[in-house]
Amino acid sequence: MPKKGVVITQKIAAVLNINVGDKIRITTSSGIKAQAEVKAIAENFVGNFMYMSQSSYTKLFSHKANWNSFLIRLKTQTEKQRNKLSNQLIEKDDVLGVTYSEDQKNAVSNMSSSLIPIILILILLSGILSFAVLYNLTNINISERIRELSTVKVLGFYDKEVNMYVVRENIVLTIIGIFTGYIVGNLLTWYILQQAETDQVIFPLTIHLFGYIASTFLMILFTVIVMFITHQRLKNIDMVSALKSNE
């Protein structure tokens with residue numbers, strides 16, 4: 001903690017458009033006003049807080065702070081033990097309330113878990129859309145180059161060679177799309193999380209390695225499926241009809 005000035009959490013800084021070095025006006029519950037310099041911005045995802053040291057408080061308000069709450073670190077407890085301790089503390093006249101960080105954590109986790117069905121639906125629809133786009137592009141590519149592919153087959157190319165003649169382009173596009181998706185996906189996720197924020201809760205941009213691996217695997221799987229479908233179609237091309245058709 002800095003000996004002078006205050007530390008504020010990131011949501012306060014974002015809402016008030018405050019940066020390190022700016023001044024912030026403070027009014028206590030007893031009506032005392034002061035102005036302090038922001039020394040740092042703390043990363044915090046739940047709640048909005050301002051921190052200052054004892055010396056900073058004394059300098060700002062000309063008297064020492066009266067402690068009205070304690071932050072206590074306990075050993076791991078069960079829910080039953082926490083409730084028992086809370087009841088024992090509440091029975092004392094000097095205690096007005098007890099809050100466990102574990103309960104706050106569970107509340108936020110429950111709120112976040114409600115987003116899981118929406119996320120799964122988005123993943124499913126994105127996968128279907130990716131497959132449909134990849135399949136349609138390949139289908140259009142074959143339809144527009146049917147005479148060219150028929151000529152290649154007439155010249156003696158094997159089915160696998162003709163298939164790779166078309167699929168090789170899809171493989172290159174898939175590789176480019178995967179790496180482009182890493183960048184665009186991060187930007188899109190960041191935008192969605194920004195829109196989902198509230199005054200009390202911030203969602204950090206955290207994408208685990210499994211997310212990248214899963215998305216890459218799905219795109220490779222879709223490409224392989226399209227390759228198989230393409231191979232079956234190219235095997236059954238009517239070369240005579242294709243070559244007789246008008247351009």
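For the ring pair (Phe, Tyr, Trp, His ring centres under 6.0 Å) condition, the pairs that include at least one residue of residues 61-111, sequence neighbours left out, are Tyr57-Phe61, Tyr57-His63. Sequence neighbours left out, the pairs with a member in residues 205-221 that pass side chain to side chain donor-acceptor pair (under 3.5 Å) are Tyr182-Thr216, Asn186-Tyr212. Applying the side chain to side chain donor-acceptor pair (under 3.5 Å) rule to pairs touching residues 15-25 yields nothing, sequence neighbours excluded. Screening residues 115-135 for ring pair (Phe, Tyr, Trp, His ring centres under 6.0 Å) gives Phe131-Phe222 as the qualifying pairs, with residues at least two apart or on separate chains.
The backbone N or O of Ile192 sits nowhere less than 3.5 Å from a side-chain atom of Gln195 that would complete a donor-acceptor pair. Proximity of a side-chain donor or acceptor of Thr180 to a complementary backbone N or O of Gly177 within less than 3.5 Å is not detected. Using modelled atom types, one side-chain atom of Ser56 and one backbone atom of Gly5 make a donor-acceptor pair closer than 3.5 Å. With hydrogens and angles disregarded, a donor-acceptor distance shorter than 3.5 Å links the side chain of Thr28 to the backbone of Ile32. The backbone N or O of Asn106 sits nowhere less than 3.5 Å from a side-chain atom of Asp103 that would complete a donor-acceptor pair.
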Would you check, one step at a time, whether the test side chain to side chain contact (heavy atoms under 4.5 Å, CB included) holds for Ile24 with Met50? CA-CA 11 Å; Ile24 186 171; Met50 176 187 294; 3.9 Å; yes
Test side chain to side chain contact (heavy atoms under 4.5 Å, CB included) on Gln10 and Ile202; report intermediate values, then the result. CA-CA 9 Å; Gln10 59 192 102; Ile202 295 176; 3.6 Å; yes
Would Thr189 and Leu205 satisfy side chain to side chain contact (heavy atoms under 4.5 Å, CB included), going step by step from the backbone distance to the final call? CA-CA 7 Å; Thr189 305; Leu205 178 60; 3.6 Å; yes
Side chain to side chain contact (heavy atoms under 4.5 Å, CB included) between Asn170 and Val172: does it pass, once the steps are laid out? CA-CA 5 Å; Asn170 286 349; Val172 174; over 6 Å; no
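Connectivity analysis of hydrophobic side chains (ILVMFWY, heavy atoms under 4.5 Å, direct or indirect) links Phe228 to nothing; its cluster partners are none.
With sequence neighbours left out, the side chain to side chain donor-acceptor pair (under 3.5 Å) criterion links Ser53 to Ser55.
Nearest heavy atoms, Ser86 versus Val98: OG-CG1, 3.8 Å. For the residue pair Val6 and Met52, the shortest heavy atom distance occurs at CG1-CE, 3.5 Å.
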